[in-house]
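Here is the naming used below: chain letters follow the sequence lines, and residue numbers restart at 1 for every chain.
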Amino acid sequence: MKRRGLLSAIALLALAAPAAQAAETVRIANVIELSGNGATVGNMWKNAVEMAVEEINDAGGILGRTIELTHFDTQSNPGVSRAAVQKALDLDPYVLLGPIYSSSTKVNMQLAQQAGVPQIVGSEASVITEMGNPFVFRTSLSQAASMPKLANYIRDGIGAGSVAVLWVNNDFGRGGRDAFVAEMEARGIEVVADISSEVGQSDFAADVVKIKQAAPDAAFVYLHEEESARFLREARKQGLDIPLIGETTLLNQKVIELAGEAADGVKGHVGLSADAPLPSIRAFRDKFVARYDTVPDHNAIKGYLAVYAVKEITERIGGFDRQAFADALHCATITLEDEPGILIDTSWDRKGDVDRISFLAEVVKGEQRIVGTLPPLGVGCD
Amino acid sequence: MSNVLQLLLAGLATGAIYALVAAGFALLWQTSRAINFAQGEFVMLPAFFVLAGTEWLGLPFWVAALLGLLLALLLLGLLFKRVIIDPLLPQGVLPVVIATIAVGILLKESVKEFYSAEAQPFPALTPGGNIDVLGAVLSLQDVAVLAVAGLAILAMQLFLGRTRLGRMMQATAQNPEVAEILGIPTRRMVLYTFLLNAALVTLASILISPVYLAKFDNGETLGLVAFIAAIVGGFNQVRGAIAGGFLVGVVDNFGAAYVSSDYRTGILLLLLIAVILLRPEGLWGRAEERTV
Amino acid sequence: MNGLLEVSGLTRRFGGILAVDSVSFAVAPGEILGIIGPNGSGKSTLFNCILGQLRPTAGRVRFAGREVTGLRPSLLSRLGIGRTFQLLQIFPKLKVRENLLAAGQEHRGSMLSRLFGAPDAGLAGAVEEMLAFFRLAHLAETPAGSLSYGQQKLLDIAMAFMAGPRLVFLDEPAGGVNPAMLAELEARLRALNRERGATFVLIEHNMEFVMGLCDRVLVMAEGRVIAEGTPREVRADARVIEAYLGG
Amino acid sequence: MTGRRLAAVAAGLLVAALLLLLPLTLRPYGLYLMSLWAVLTIAAMGLNLTLGYAGQVSLAQGAFVGIGAYAAALLTTAGWPLGAGLLLGVGLGLLVGWLLGYPALRVQHHYLAFVTLGANTLVFLVLRNEDWLTGGVYGIAAIPRPTVLGYPTDHPLAFYYFCLGVLLLVGLGLGLLLRSPWGRAFEALRENPVRAESLGIDTRRYTLLAFAIGSAVGSLAGAIYAPLVQYIDPSPFALGLSLALLLMVVVGGAGRFFGPGLGAAIAVLLPEWLRFSEGLYLILYAVLVILVLVFLPSGLVGLADRLSARARGEGR
Amino acid sequence: MAETLLRIEDLAAGYGRVTILRGATLAVAAGAVTTVIGPNGAGKSTLMRAIFGLLPPRAGRIFLAGEEITGLGPRELLRRGVVYVPQGRNLFPELTVRHNLELGAAAFRIPDLDARVEAMLDRFPLLAERAGMQASVLSGGEQKLLELARALLLDPALLLIDEPSLGLSPRTTAEIFGILGGLRDRGVAILMIEQNARSALGMSDFGVVLDQGRVALEAPAADILADPRIGRLFLGGGIG
């Protein structure tokens, strides 16, 4: 029983760590996937965020205040992410960054909303900006925004009259699949096979057989990186010779590395890419490689521009008022002229969704090539 | 038709791996009444031994594979028996179940922490390329998996049935008390089955990782499916477990293709529950004598 | 004979072997019946068939005029048939008092009343009585597992009596009990029989114990009853000696 | 004897004071952890009844937490009070737990572990796939917190006291249950089922009851978990939670009344203590489980008993 | 009395809290058959298991040809020429008859093991006919025969055999006893436990009566057979 008392005493020490905040700093809390399945994407984001913060601090901070950055690990687990956001909010931050996993964001965004803290996330699931939360903002196109672009490409670029959809059965995959199927219906393209697969699924023989049986003109593949690689290998093996179309993940460098030559020929739509033919992105890429010795992915770009968006908007409102920040970021447009750190001209709408140009890409000989640039949807605020 | 054949062949290739893992599982049960809930993680781990050998130490693949086998024999065979099973088995089956669950978590999290949380590409055993079997496609890797796993199962059966040592191990499994009376060093025989299991999971690991990539959480599904295979086939007979492995591989593929991909895992689980309730000794198992 | 228990034509087959072959007998109230026989003569199988552990292949068991063939042990217990086991069976981690309470609780009140603890008050008297009768009172709050073997044996029998059974089957009550304790055990059983009219059926290998305690003895060999009578009669029966000494 | 009782009362008062007063000093994150501890303790107490007291292994407790959470989430988001969700969750837990008990009448030990493990995954698949009812992978958001006796519990501190209150009620109820003849019958079932049956204890019925009640308590925990996190989807209720709950029971001490509370405290707080070695905590936790199994079969509560017994022995 | 091969002094053994053998003293003569009889629970099988090192003795000592073997395990005893055939069925049902036979010596480095197996099969043609079949198909008597043959593979000096007649027909029992008699004639000492007291003592040289864990009588077999107290032993009243 004595032991229990001791436990609680330790608990007290662990839980009640107050944070004194110096007057000349502004705190940004980064709640992100540092371990678990999402460690790769989370660390890309984290590294880029750190790089941006350092640059800004070196240049005098935001409105003269130094950014104090604290990281919290979600362990890629929604429950933990909620605890992490709670812990981050206990520090009374100006803005929250992250997380990337949609399932985590959905669990914790309510907390930030209740605390009135703006939260800039890396998630793509459509539902996040559809719950009427005035404090949540994206850094990348939502599924609702990217699927129309992809659908147009399938209709106009590929000329497909029928498609198969293979998706991973979690909120990411399901969200993408739902948005995609709606766009197909709108364009009169028939979805002839609608196949779910498990997270961590290893054997895709049955899935490929089902696609072959349906004989579509193209297949849309919306899986996580490893499962994408496993699928591509099986598809290559069974000689599935229709265009395989994907979103950002399918064309990711990791997939190319894991799938090898089976990834060649995969086409799709990419929201952000370190290979984008823009001088600002190229410069960012070089800086990142110099500092971390790896090529940044789209998650790095998202984290980097999130920090610069905080700087730009704060300077526009001229103070550190969270409500004013959230109001100002809605319907804001930040161009490279306003702030070069934004890397690519970006607009936010009333719901917190972003709009910007995006790219068509293809995997050629183990490399992602940008083959076209798509204009913004231009929905914005009016 | 070629689709059916395709599913069958793919199911058999995966099933061959399950059979290896399930056979080791059944061996452990037979000789020591030890249930290994970490068997899936046992399959996941050796691939990382090999990767550590090639990536960190710069060893050639085959040397690294040998090193992986040695480490597996040591850690997953000897140490596992001495540290986990020997002290806990006298307390009953349940503590062993719980302890091996903990071992599974330990292995999984250790790989994640000390190697990587990401899936890793793993060197293939064969050159890329496919062969055509009556309209169905088999990759050379699949052929290699089937051939190597088949040979390993055959070799194991020959070893158990045709060598004196193998028969002593069988005797220990079938009736340890009598084996003891005949002077068979039963404790050493039990240790050998742990080593054999370690060798089987290493082989499975090296066969499966080129296709499925090496990842810390691969064991979750693999272990579950191997359990199902062992129980459905027959827990107390290596032959039953092997047959169960192939059956489960095939059922999984056909179930996903023709029944439901949403409930893909559910189909296997229902099969498992049905077998446990209706024929607990397994489809090809031997009914264990029960004393009242 | 007006039987409390009537067994007729009870048969149990294992594969091709008749372990129990058409056994019939009756037990009168207040009687102590011993069942003896060489190893493998079918005594334990007979017990198991009567007591619901094994389903008989053929035959019937009637208890107090009611057919009880193949009923589950818990039902038999609630009808008034108690038993002990060959290797003693207690609840080692429960206290002695809790063992006795557990043994009596299902015989009083309804399932729901048990949830609210109703039977325990009613059982308190019976528990104290058993503790006193078997001289275990000083151990009432001790976990049963830490009692001596002999004390556990007494507890085992006390548990069988907690429900106030009309008939108790004892499977090798003297097995493993040291000679000093054996006398105590015999005295307790005899007292239960004389003072409370308890009826016993027992399997036992210790012949002195059987001959001293039983009113009547049934001899089994190869699944059949080969002799029946008072201990004196049975002891003098040439067939019985043959059965034990073999051909 | 009186000295021991005095020590127990003092320790109890200390714990009660900590549980009541410590939270006043905590920020929302600490309160969240304490609330989570209360919820997990309830779920583990249910499993402790099934596993620790009645000796029936279940690897499906996480699924029952899920059933309770969904029942509460669906009803409260549809405008019903949480009480209705609690009732529905507990009712479903009783029913499904009772059904899950049937395999235990046929098979035991590892077979039972596999059956319940399979059942857990089946429940997960239903929660995920039947999205007409459960919202599927999208989950259920904006789960309101209850108003208890006129007091809203939106504030973390209020909700913590609500959780603590439920924990106390559940603890009281289970404590009474375990001291009743039912509890004795459960223990008899664990200790020696054959003997229990021969004494008139209907082992079939008590086995089913042990599953039903233990599972229903798990569902009750789930029904509080839903308003605690305010958003649920199927993923937390997969096998991992069941395994975690099992380990909590074992580490704390299976069949010990205070075992689950201690086990849950370690599971919740260990990652906090181990912040210096981020990510290592699961590894250390697994090692701790193995050490407890090998060296302390009665869990940490058993260790505390042993230590206090030794201290008294030396004092004399 | 012939030369003593095995001597047991004041041996006690049991299981758990129960002591079954409570200080037994007896001797087994070389080249002779000694049969132990006694009521159930007298400690006969416990005696044999304690001799063969399967149960740790709680007291007492055991000597083989003058050398102390107390507490040695089966492997050491087998090396010293002691073999044990327990009661009941002790084969490996899924192995063939030949392989079951071979396991009688497989655990020891014996260069001519194959030849010994062949020789043993020659000696028991009934087994040779079934050499390739699974042991589970043998009849009860054939199984006992195979167990006996397996025990002989190591050329034992002392055979411990527990209830060979259990579950066998009288004719088969007689055959097994015949084989045991033949072994004795070849110089193998046999310590046997039997329920079939009369026929066992009939073929034995010496008899030992065990009662309540102690030796009640040790005498030439014929004397015991003729003793009228034997019937009482089994039916109560003891012997002393």
Side-chain angles (χ1 to χ4, degrees), chain B residues 29 33-38 83-84 86-88 90-114 117 217 220-221 224 227-228 230-232 235 260-278 280-281 292, chain D residues 51 55-57 59 100 102-126 128-131 136 190 194 238-240 242-244 246-247 249-251 254 277-295 297:
Chain B
W29 169 252
R33 307 276 119 166
I35 302 281
N36 183 15
F37 267 71
V83 175
I84 309 290
D86 285 350
L88 288 178
Q91 295 178 31
V93 175
L94 198 55
V96 173
V97 167
I98 297 166
T100 53
I101 287 174
V103 169
I105 294 174
L106 178 66
L107 297 181
K108 191 165 70 178
E109 298 300 323
S110 297
V111 166
K112 188 166 104 180
E113 192 66 20
F114 300 120
D217 63 358
E220 288 170 16
T221 320
L224 181 65
F227 292 152
I228 297 175
I231 288 182
V232 166
F235 215 47
S260 161
S261 52
D262 280 354
Y263 281 103
R264 184 173 189 161
T265 330
I267 296 166
L268 291 182
L269 290 171
L270 287 175
L271 179 67
L272 168 83
I273 292 173
V275 167
I276 287 182
L277 294 184
L278 302 177
E281 71 272 21
V292 182
Chain D
L51 174 82
Q56 309 293 314
V57 59
L59 292 181
L100 186 67
Y102 276 95
L105 303 180
R106 273 191 68 91
V107 295
Q108 281 282 303
H109 305 307
H110 55 287
Y111 281 120
L112 189 54
F114 284 122
V115 171
T116 51
L117 181 154
N120 193 113
T121 304
L122 287 173
V123 169
F124 167 79
L125 288 175
V126 169
R128 187 194 66 182
N129 293 341
E130 303 307 316
D131 44 10
R190 174 194 71 201
V194 175
L239 197 54
S242 292
L243 299 186
L246 179 72
L247 298 189
V249 170
V250 171
V251 167
S277 59
E278 203 168 80
L280 277 180
Y281 85 97
L282 265 176
I283 298 174
L284 290 173
Y285 192 58
V287 171
L288 179 69
V289 169
I290 294 166
L291 289 177
V292 164
L293 281 167
V294 174
F295 296 109

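Proximity to chain D (any heavy atom under 4.5 Å) is restricted, for L88(B), to the side chain, taken from C-beta onward. The contact between L122(D) and chain B is made by backbone and side chain atoms together, counting heavy-atom distances below 4.5 Å. Heavy-atom distances place both the backbone and the side chain of P95(B) under 4.5 Å from chain D. Interface remark: I276(B) contributes backbone and side-chain atoms alike to the contact with chain D (heavy atom separation under 4.5 Å). With a 4.5 angstrom heavy-atom cutoff, L224(B) touches chain D only via side-chain atoms. Of the atoms belonging to L247(D), it is side-chain heavy atoms, and not backbone ones, that fall under 4.5 Å from chain B. For a residue to count as touching a neighbouring chain, one of its non-hydrogen atoms must lie under 4.5 Å from one of that chain's; by this rule L106(B) touches chain D with backbone and side chain alike. Neither the backbone nor the side chain of L112(D) comes within contact range of chain B, judged by heavy atoms closer than 4.5 Å. Only the side chain of L51(D) comes within contact range of chain B, with heavy atoms under 4.5 Å apart. Heavy-atom distances place the side chain of I84(B), and not its backbone, under 4.5 Å from chain D. Of the atoms belonging to L94(B), it is side-chain heavy atoms, and not backbone ones, that fall under 4.5 Å from chain D. In this structure, the portions of V115(D) lying under 4.5 Å from any heavy atom of chain B include both its backbone and its side chain. Looking at L293(D), the atoms closer than 4.5 Å to chain B (heavy atoms on both sides) sit in the backbone and in the side chain alike.
Side chain of T100(B) to main chain of F37(B): a donor-acceptor pair is present (N/O by atom type, distance under 3.5 Å, no hydrogens or angles). Not one N or O on the side chain of D262(B) forms a donor-acceptor pair closer than 3.5 Å with the backbone of N129(D).
The choice from V289(D), V57(D), L125(D) that makes the most heavy-atom pairs within less than 4.5 Å of chain B is L125(D). When each of V194(D), V126(D), L288(D) is checked for heavy-atom pairs under 4.5 Å with chain B, V126(D) comes out on top. Across V96(B), I105(B), I231(B), V103(B), the residue that shares the most heavy-atom pairs under 4.5 angstrom with chain D is I231(B).
With values rounded to the nearest 0.5 angstrom, L270(B) atom CG is found 10.5 Å from T265(B) atom OG1. In this structure, the separation between CD1 on I228(B) and CG on L268(B) is 5.0 Å, given to the nearest 0.5 Å.
Considering every non-hydrogen atom in both L59(D) and I101(B), the closest pair reads CD2-CD1, 4.3 Å. Listed here is the closest heavy atom pair of R106(D) and L277(B): NE-O, 2.6 Å. A pairwise comparison of heavy atoms in A102(B) and A286(D) identifies O-CB, 3.3 Å as the closest pair.
Taking the six-membered ring for Trp and thresholds of 30 and 60 degrees, H110(D) and W29(B) have ring planes inclined between 30 and 60 degrees apart.
In this view, A119(D) and L100(D) satisfy the side-chain contact (heavy atoms from CB on, under 4.5 Å) rule, not counting sequence neighbours. Applying the side-chain contact (heavy atoms from CB on, under 4.5 Å) test to V123(D) and every residue at least two apart in sequence or in another chain returns A63(D), I67(D), L127(D).
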